[in-house]
Amino acid sequence: MRRRDLIAGTVAVAAAAPSVALASENESPTDSAPLAVAGVGLPIIAGGRVRNYIFVTLRLHLGRGQTAERVRTKEPYLRDALTRAAYRTPFTVADDWNVIDVAALSASLMRSATTLVGRGAVTRVEVFSQVPRHRTRTPAG
């Protein structure tokens with residue numbers, strides 16, 4: 001191969017590279033994939049006693065201009081805030097100790113995300129799965 005062909009090949013590759021970078025910059029920030037938060041163990045508390053634990057997997061849908069890397073750095077703080085909130089005001093469903101109150105969990109995590117990451121950083125919390133530690137029966141009454 002001649003030197004001129006090598007230089008021409010290098011220029012062609014270099015010319016193609018910026019268009020790839022520009023394409024990724026032009027994507028809308030709302031098209032980013034949700035951030036997965038796995039394996040948070042939350043207590044089910046009834047009558048002042050821990051009756052069960054539910055292990056939840058969450059997806060955080062990010063707001064405009066947010067990157068998964070930025071929010072991922074705050075994930076340990078979000079997990080801690082969620083666990084603390086679950087002990088303070090349990091996400092217990094009164095008639096079933098095998099599931100959590102998804103609406104209460106989402107509201108709590110949205111409040112924590114606003115404080116820890118910033119307003120609008122997380123637009124929605126989705127509970128992807130709930131796995132109870134034990135299958136327990138809720139006493140009647």
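For the numbers below, each heavy atom of this structure counts, side chains included, while hydrogens, waters and symmetry mates do not. Here the structure is a predicted model, which is why all the values come from computation and not from measurement.
At least one donor-acceptor pair under 3.5 Å links the side chain of Thr123 to the backbone N or O of His61. With hydrogens and angles ignored, the 3.5 Å screen pairs a side-chain donor or acceptor of Asn52 with a backbone N or O of Trp97. Not a single donor-acceptor pair under 3.5 Å links the side chain of Arg72 to the backbone N or O of Ala36. A side-chain donor-acceptor contact under 3.5 Å links Thr115 to the backbone of Arg111. Put simply, the side chain of Arg59 never gets that close to the backbone of Pro34: no donor and acceptor are under 3.5 Å apart. Between the Ser106 side chain and the Val102 main chain, a donor and an acceptor come within less than 3.5 Å of each other.
Using a 4.5 Å cut-off on side-chain heavy atoms (C-beta onward), Ile54 and Arg133 make no contact. For the pair Leu78/Leu109, a side-chain contact is recorded, criterion being any heavy-atom separation below 4.5 Å from C-beta on. For the pair Val93 and Ile100, the minimum side-chain heavy-atom distance is 4.5 Å or more. Contact check for Pro43 versus Tyr87: side-chain heavy atoms found under the 4.5 Å cut-off. Contact annotation: the side chain of Thr57 never approaches that of Gln130 to less than 4.5 Å [non-hydrogen atoms, C-beta and beyond]. A heavy-atom distance below 4.5 Å is not found between the side chains of Leu58 and Leu35. Contact of the Val71 side chain with the Leu62 side chain is registered, since non-hydrogen atoms from C-beta on lie closer than 4.5 Å. With a 4.5 Å cut-off on side-chain heavy atoms, Leu105 and Val125 count as touching.
Within a 6.0 Å radius of CZ in Phe55, more than 12 heavy atoms belonging to other residues, nucleotides or ligands are found.
Cluster annotation: Val56 and Tyr77 are assigned to the same hydrophobic cluster (Ile/Leu/Val/Met/Phe/Trp/Tyr, side-chain heavy-atom contacts under 4.5 Å, transitive). Using a 4.5 Å cut-off between side-chain heavy atoms of Ile, Leu, Val, Met, Phe, Trp and Tyr, with links allowed through other members, Ile45 and Leu42 fall into different hydrophobic clusters.
Nearest heavy-atom pair across Val37 and Arg79 is CG1-CG, 3.8 Å. In plain terms, the two heavy atoms of Phe91 and Leu82 that are nearest each other are CE1-CD1, 3.8 Å.
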